[in-house]
Amino acid sequence: MPLAVVTHAHADHAVPGSARYLCAAPSVSLLRHRVGPDAAIEGVPYGEPRSLGEARVSFHPAGHVLGSAQVRVERGGEVWLVTGDYKREPDPTCAPFEPVRCDVLVTEASYALPIFRWDDPREVLRDVHRWWQGNSRRASVLFCYVLGKAQRILAGLSELTDRPVYVHGALEPITGIYREAGVRMLPTLPVAETAKGRSFAGELVLAPITARGSPWMRRFGDHESAFASGSMRIRGQRRRRSFDRGFALSDHADWPGILRTIEQSSARRVLATHGYREALVHWLRDRGTDADLVGLAHPTDPEGD
Amino acid sequence: MQRFARLYEALDATTSTNQKVAAMQAYFAEAPPADAAWAVFFLTGARLKRLIAPRLLAVWGMEATGTPDWMFGESWSAAGDLAEIVALLVDTQRAGAPATSSGLSLSELIETRLLPLREADEERKREAVLSLWRSMSLREIFLVNKLLTGELRVGVSRTLAVRALAQHAALDPGVVAHRLMGSWQPTPQGFAQLVAGDVHDADLSRPYPFFLASPLEQPPAALGDRAAWQAEWKWDGIRAQLVRRGGSAWLWSRGEELITDRFPDLRAASESLPDGTVLDGEVLAYAGGAPLPFSVLQRRIGRQKLTAGILADAPAAFISYDVLEMDGRDLRASPLVERRALLSQLVAGRSDRLVLSEEVAGESWEALASLRSEARQRGVEGLMLKRRDSPYRSGRPRGDWWKWKIDPYSIDAVLVYAQPGNGRRANVLTDMTFAVWDGGELLPVAKAYSGLTDEELDRLDRWIRQHTLARFGPVRQVEPLHVFELHFEGIAESTRHKSGVAVRFPRIARWRTDKKPRDADTLQSLRALLRPAQAVHG
């Protein structure tokens with residue numbers, strides 16, 4: 001593409017190979033990490049309009065991960081808003097979601113079913129902390145997405161303790177970028193640099209889900225495993241994937257969050273993408289809202305969650 | 001209720017047996033006896049009778065939360081558990097925990113709220129259920145819904161629950177297991193009696209915990225000297241204990257179900273035994289000195305009323321293979337060889353319905369192996385090998401009792417239907433129907449639930465979802481492309497199946513990716529297996 005307008009730096013939303021990139025200013029470092037050091041990336045402060053041909057484009061906080069944005073596009077008096085991935089719950093690692101009025105709303109629908117409602121994330125993190133404290137004789141390995149979720153956990157736990165956390169190599173560069181952006185998090189220690197044979201009993205380890213079942217896990221011996229993801233709201237999901245614990249901590253909007261966002265946008269037309277988009281469109285149409293499908297569906301495990 | 005919900009979550013949250021036992025022990029230590037009694041009830045695998053049809057629970061859940069049918073269906077596809085979906089919907093609709101909690105204890109909930117619903121009409125049930133939902137947390141609603149539909153299952157084995165109780169009460173697990181047998185009631189008195197220090201119990205009807213054999217997975221020669229082992233046929237019937245005390249008789253199945261009423265002929269026969277006798281054995285349909293196929297016994301079990309005709313068609317016998325109590329004395333610690341001698345004298349000449357399970361001669365392991373190969377013709381499942389100097393243990397400890405079964409029947413069949421399983425596998429298509437060829441048509445012959453690895457199940461699940469030809473409710477008809485090797489233990493004529501045959505304990509042995517559907521077996525080759533199984537009985 002000659003120009004890519006990027007909502008956030010997750011791999012399913014930001015790919016290398018475009019001539020130029022436009023993103024929200026706090027997203028620049030993460031995007032550079034994703035698409036390469038030589039990419040032409042321009043960061044625009046939240047809320048500041050840019051002209052692109054006949055359109056005016058601005059970025060607005062989406063509350064998903066550091067630098068994530070909704071993109072507002074105005075042309076010929078009509079306003080479209082593309083939410084990208086977003087959530088409505090508080091998150092100390094990024095600017096909170098900002099409701100934006102529009103004519104046409106393109107919303108994500110990763111968790112657009114009424115069975116998905118998130119508890120206060122501070123409560124969930126207190127559960128994570130209790131779980132970690134309770135495992136004094138074994139390692140607590142918490143699997144999570146490496147961009148966003150991991151840092152949110154490190155930041156949330158820093159309210160409850162100051163013990164260091166062991167991290168998988170895949171988390172390190174991204175966590176470094178978060179630290180440079182001034183996000184307060186627990187100190188981290190690279191698992192790779194610990195002495196051979198060292199016991200991880202009583203320690204918390206953050207790792208990407210791809211590390212599960214890999215030889216990398218052997219060093220932890222008998223351990224407790226948990227997964228931090230919105231999908232863990234469902235008991236069967238946790239049991240089927242055989243985690244000891246599941247923490248329903250999502251960076252995507254829950255059902256009430258999606259409905260609230262649609263209402264606050266006052267959009268006359270809603271387009272839904274990802275996840276349970278069919279259900280959302282069906283629900284909106286039943287209520288007389290003009291709604292349709294757009295983009296792709298990812299039925300389970302949305303990226304970044 | 002909150003305490004029990006926490007216990008349930010703790011048990012649900014770990015696969016470690018030590019942690020499970022510790023969680024249960026902690027619960028027994030702090031719960032009031034009335035609650036602990038009900039917890040024991042559920043932890044040992046008992047269930048309440050269904051109070052509300054799942055369909056009604058779904059309808060009320062939809063009404064209470066303003067969820068349309070189709071959306072409920074979408075949620076079902078995502079979560080696959082009715083009790084959980086309704087709980088989640090209620091939780092979303094009211095945005096979290098209720099303002100005021102019911103504060104009901106487990107026993108209050110069951111005794112004052114749930115059990116009285118047995119006699120209630122539908123409207124009263126609905127009101128009661130909605131009011132419970134309003135005052136409970138997400139995890140409590142989930143459990144209440146499971147209780148209402150009679151589906152509460154806790155992730156522990158009975159043995160583990162017994163171990164936790166025994167550790168809590170500082171008793172031998174065998175004592176606790178024995179006290180739980182029979183007609184134990186979940187009352188505070190019942191709980192007190194379970195954990196009482198005085199072990200001199202006197203429930204006349206109570207059987208002993210069963211000693212269960214393990215499958216022999218090595219050649220029998222590995223067991224050492226043949227002479228140290230007693231060999232018997234492995235009977236294909238209902239494992240049972242016959243208890244004769246205080247002038248009465250009770251017949252207990254291995255599932256600890258009292259089945260005396262199903263077998264009036266055996267009750268009559270047991271009157272010839274002296275008081276203070278407990279025999280371990282097998283209930284069989286038995287005529288002319290030989291067992292009849294299990295399906296004959298099954299027909300009799302299925303009947304509401306036992307007419308003289310049925311009793312004559314399927315006469316029962318108790319094949320005795322051990323004596324656990326004689327003259328009121330517990331013999332379980334004595335070696336088998338002594339119990340065996342007592343048993344032979346005890347049952348000899350009492351009744352033609354009380355039969356001694358004869359020793360199988362075969363003086364070497366080779367001779368035994370050749371006798372075992374005749375098992376199918378004799379209508380038995382193989383051989384039992386019992387160490388002559390072994391006591392009668394409880395549960396399934398390995399080493400003294402082995403079942404040396406004959407190889408199962410085996411066919412290749414084509415996957416034609418699939419539907420989601422239960423519990424852990426609620427959203428995976430694990431319940432599968434298999435068919436064999438009949439002319440140019442595939443005719444379903446067996447349903448199987450297990451035998452594949454999780455990885456294979458995941459792969460198959462994805463394939464099925466992409467190759468569904470038609471859907472009938474939860475059931476998907478799939479392209480007939482995949483061939484599986486099925487194993488089963490027995491086969492009988494059946495008028496209830498379109499194929500005309502019913503197979504016993506079918507399971508998936510292997511996914512035959514090397515075979516094409518046309519390589520699958522035919523109904524004719526399946527029916528050919530009927531003959532040896534029934535030959536002995538003409």
Side-chain angles (χ1 to χ4, degrees), chain A residues 88 109-120 123 127 130-131 134-135 137-138 213 222-227 230-248 254-260 275-287 299-301, chain B residues 8-10 12-16 18-19 22-23 61-62 65-97 137-139 142 146 155 420-428 430 454-455 457-458 461-462 465:
Chain A
R88 305 299 305 262
S110 299
Y111 287 111
L113 286 179
I115 51 176
F116 292 110
R117 189 194 67 78
W118 314 138
D119 284 326
D120 185 332
E123 274 307 315
D127 282 346
R130 264 193 293 271
W131 168 70
N135 293 331
R137 277 175 295 181
R138 306 201 288 171
D222 183 28
H223 63 274
E224 282 266 319
S225 72
F227 188 31
S231 63
M232 294 295 103
R233 176 78 168 162
I234 307 295
R235 179 171 169 269
Q237 282 279 345
R238 173 174 69 68
R239 290 179 63 80
R240 185 156 94 74
R241 299 171 70 171
S242 305
F243 294 109
D244 294 316
R245 285 293 294 268
F247 298 105
D254 62 2
W255 175 251
I258 292 170
L259 296 188
R260 181 150 60 102
Y276 297 102
R277 55 185 196 147
E278 279 95 356
L280 180 59
V281 166
H282 189 159
W283 175 272
L284 292 171
R285 284 184 179 164
D286 280 357
R287 272 148 195 78
T300 52
D301 276 2
Chain B
Y8 181 87
E9 267 188 12
D12 204 39
T14 180
T15 45
S16 145
N18 286 338
Q19 288 188 29
M62 287 189 270
T65 60
T67 307
D69 252 351
W70 65 266
M71 184 63 104
F72 197 87
E74 295 283 339
S75 303
W76 173 267
S77 309
D81 183 302
L82 180 76
E84 184 183 5
I85 291 166
V86 170
L88 288 168
L89 289 174
V90 170
D91 185 71
T92 297
Q93 201 254 343
R94 67 179 183 204
S137 67
L138 170 66
R139 52 167 86 155
F142 169 72
K146 289 278 181 197
N422 284 307
R424 190 169 77 88
R425 288 169 168 176
N427 43 21
V428 197
T430 56
D454 279 3
E455 196 185 327
L457 275 175
D458 276 349
D461 180 84
R462 273 196 301 280
R465 287 176 201 279

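Chain letters run A, B, ... following the sequence lines, proteins first, then strands; residues in each count from 1.
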- request: Sequence neighbours left out, what passes side chain to side chain donor-acceptor pair (under 3.5 Å) with A:Asp254? Give chain and number order.
  value: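 Once residues adjacent in sequence are excluded, A:Asp254 has no partner under the side chain to side chain donor-acceptor pair (under 3.5 Å) criterion.
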
Residues forming a side chain to side chain donor-acceptor pair (under 3.5 Å) with B:Ser75, sequence neighbours excluded: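 In terms of side chain to side chain donor-acceptor pair (under 3.5 Å), with neighbours along the sequence ignored, B:Ser75 is linked to no residue.
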
Under 4.5 Å from a heavy atom of chain B, the part of [X] involved:
X	result
A:Arg233	both
A:Trp131	neither
A:Asp286	side chain
A:Pro114	both

Could you measure the distance from the [atom1] atom of [X] to the [atom2] atom of [Y]? Nearest 0.5 Å is fine.
X	Y	atom1	atom2	answer
B:Leu88	A:Arg235	CG	CZ	11.5 Å
B:Met71	A:Leu280	CE	CG	7.5 Å
A:Trp118	B:Thr92	CH2	OG1	9.5 Å
A:Trp255	B:Leu89	CH2	CG	10.5 Å
A:Asp222	B:Ser16	CG	OG	7.5 Å

field: Side chain proximity check, A:Arg239 to B:Asp81, heavy atoms < 4.5 angstrom
entry: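 Answer no - side chains too far apart.
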
field: Any A:Glu224 side-chain heavy atom under 4.5 Å of B:Gln19 side chain
entry: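 A:Glu224 vs B:Gln19: side chains touch.
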
Determine the option with the most heavy-atom pairs under 4.5 angstrom with chain A, choosing from [options].
options	value
B:Gly155, B:Gly96, B:Pro68	B:Gly96
B:Asp458, B:Leu138, B:Asp91	B:Asp91
B:Val90, B:Thr65, B:Asp12	B:Asp12

field: Residue part contacting chain A, namely of B:Phe142, when any heavy atom lies under 4.5 Å
entry: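 Only the side chain of B:Phe142 comes within 4.5 Å of chain A.
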
query: Which atom names give the shortest non-hydrogen contact between B:Trp70 and A:Ala279, and what distance separates them?
result: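 Scanning both residues completely, I find the closest heavy atoms to be CH2-O, 3.3 Å.
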
task: Identify the heavy atoms of A:Arg238 and B:Ala13 that sit nearest to each other, and give their distance.
output: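 The pair with the smallest heavy-atom distance is NH1-CA, 4.2 Å.
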
query: Is any side-chain N of the basic residue among B:Asp454 and A:Arg241 closer than 4.0 Å to the acidic one's carboxylate O?
result: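 Judged by the 4.0 Å cut-off on N to carboxylate O distance, B:Asp454 and A:Arg241 do not form a salt bridge.
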
message: Is it true that, when you exclude A:Arg137 itself, more than 12 heavy atoms of the residues, nucleotides or ligands shown sit nearer than 6.0 Å to its CZ?
response: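 Open.
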
- request: Start with the C-alpha distance between B:Glu84 and A:Ile234, add both sets of side-chain angles, then the distance that settles side-chain contact (heavy atoms from CB on, under 4.5 Å), and finish with yes or no.
  value: CA-CA 8 Å; B:Glu84 184 183 5; A:Ile234 307 295; 4.0 Å; yes

message: So does A:Leu113 get a backbone contact from the side chain of B:Glu74, meaning a donor-acceptor N/O pair under 3.5 Å?
response: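 Pair absent, no side-chain N/O of B:Glu74 close to backbone of A:Leu113.
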
